[in-house]
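So the structure is just underneath, and the comments pick up after that.
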Amino acid sequence: MKKLALILLLVVGMTLSFAAIGLVMLFALKVVNNIDEVRDLILGKTPGAENTLLKQGEIEVEQDALLLLQQQKQELEQDLNDLKTQHDSLIIKKAMLGGEVGQLEQQSQTGNKDMAQAREERMKQMVALYDAMRPADAAAIMDGLSDELILELLPRLKGRQAARILNSLADDQRKARLSTQLVEGQTANQINGQ
């Protein structure tokens, strides 16, 4: 019986020694700073001292969350692929529209040239008409025209006919203004070498 008591004492002593060594290591490694923290650690009240294993209900919740995340990832990848397809389609449409705009600009320029030619033909017809008319009749018609059109027509008329039509205009102030603009226009043309 003495041997049994001795063995029991030896086991208790060794347990206490190991516990003391563990306690010293906890303080040395600064896992705990005081005895209260040691007590909380032993009782499982210290954060991080809880059981880190998940319970069965928690595992199912985590698996469901993981499946949901995987589904969302697949949906996002699909959305990304759709956006890439739309982006490529928009680039193609942009190129096509750019070509169409170029064609329309070319047609517009051609149309502008055609309009300019048609206008020039009409101007020639008007000049021939006003050259053939009596100056008083031509002036009566020109009284209703804009100054810009008159300034375009008069220099194209025969000199004497243009002077008679200008003299026959009804408004004296307009006559003076148009005469001045005609002289300035001819001077500018002479300076530019035309």
Side-chain angles (χ1 to χ4, degrees), residues 1-120 122-123 146-149 151-152 177 180-181 184-185 187-189 191-194:
M1 182 83 136
K2 284 186 180 185
K3 285 184 177 184
L4 188 59
L6 195 57
I7 291 175
L8 194 58
L9 243 147
L10 185 62
V11 169
V12 169
M14 286 177 66
T15 303
L16 287 173
S17 296
F18 285 128
I21 291 170
L23 190 60
V24 169
M25 287 177 62
L26 287 174
F27 278 103
L29 295 174
K30 296 189 180 185
V31 174
V32 292
N33 294 323
N34 57 42
I35 264 313
D36 292 331
E37 289 180 2
V38 172
R39 181 177 36 88
D40 289 343
L41 184 64
I42 292 171
L43 296 174
K45 294 180 181 176
T46 304
E50 307 88 28
N51 187 356
T52 57
L53 297 175
L54 296 174
K55 296 180 178 101
Q56 185 61 31
E58 293 172 339
I59 291 174
E60 292 171 2
V61 169
E62 294 297 323
Q63 287 175 339
D64 290 344
L66 184 59
L67 286 174
L68 182 63
L69 285 174
Q70 288 174 340
Q71 288 174 344
Q72 288 175 343
K73 179 185 174 194
Q74 289 173 348
E75 289 172 2
L76 288 173
E77 287 174 349
Q78 182 61 40
D79 289 346
L80 182 62
N81 288 334
D82 291 346
L83 286 174
K84 285 180 183 178
T85 303
Q86 289 175 358
H87 180 261
D88 293 343
S89 174
L90 287 174
I91 288 174
I92 292 169
K93 287 179 182 178
K94 179 181 176 185
M96 290 171 52
L97 287 175
E100 289 177 15
V101 167
Q103 289 174 348
L104 289 174
E105 286 176 349
Q106 187 176 15
Q107 290 173 357
S108 174
Q109 289 173 356
T110 303
N112 288 342
K113 288 179 185 176
D114 292 344
M115 287 175 52
Q117 287 175 346
R119 185 176 190 280
E120 184 60 30
R122 285 193 309 271
M123 288 297 290
S146 69
D147 287 356
E148 292 80 17
L149 185 56
L151 289 172
E152 195 172 347
R177 184 176 63 245
T180 304
Q181 290 175 341
E184 289 173 357
T187 305
N189 288 341
I191 291 172
N192 291 330
Q194 294 181 347

Nearest 0.5 Å, what's the [atom1]-[atom2] distance between [X] and [Y]?
{"X": "Leu151", "Y": "Glu184", "atom1": "CG", "atom2": "CD", "result": "10.0 Å"}
{"X": "Leu97", "Y": "Ile92", "atom1": "CG", "atom2": "CD1", "result": "12.0 Å"}
{"X": "Ile35", "Y": "Phe27", "atom1": "CD1", "atom2": "CZ", "result": "4.5 Å"}
{"X": "Gln86", "Y": "Lys93", "atom1": "CD", "atom2": "NZ", "result": "9.0 Å"}
{"X": "Arg119", "Y": "Gln117", "atom1": "CZ", "atom2": "CD", "result": "13.5 Å"}
{"X": "Leu83", "Y": "Asp88", "atom1": "CG", "atom2": "CG", "result": "11.0 Å"}

Hey, are the side chains of [X] and [Y] touching, using non-hydrogen atoms and a 4.5 Å cut-off?
{"X": "Leu6", "Y": "Leu10", "value": "no"}
{"X": "Gln72", "Y": "Glu77", "value": "no"}
{"X": "Ile21", "Y": "Met25", "value": "yes"}
{"X": "Lys113", "Y": "Thr110", "value": "no"}

Which heavy atom of Met123 sits nearest to which heavy atom of Leu149, and what is that distance?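 Minimum heavy-atom separation between Met123 and Leu149: SD-CD1, 3.9 Å.
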If you look at every heavy atom in Glu37 and Val31, which pair is closest and at what distance?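 So the two residues come closest at OE1-O, 4.3 Å.
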Audit row: Val101, Glu105, side-chain contact (heavy atoms from CB on, under 4.5 Å) steps and yes/no: CA-CA 6 Å; Val101 167; Glu105 286 176 349; 3.8 Å; yes
Does atom CZ of Arg177 have more than 12 heavy-atom neighbours from other groups under 6.0 Å away?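 Yes, the 6.0 Å shell around CZ holds more than 12 heavy atoms from other groups.
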Does the side chain of Gln78 pick up a donor-acceptor pair with the side chain of Asp82 at under 3.5 Å?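 Looking only at side-chain atoms, Asp82 and Gln78 do form a donor-acceptor pair, the distance falling under 3.5 Å.
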Is there a side-chain contact (heavy atoms from CB on, under 4.5 Å) between Gln181 and Glu148 once you walk through the steps? CA-CA 10 Å; Gln181 290 175 341; Glu148 292 80 17; over 6 Å; no
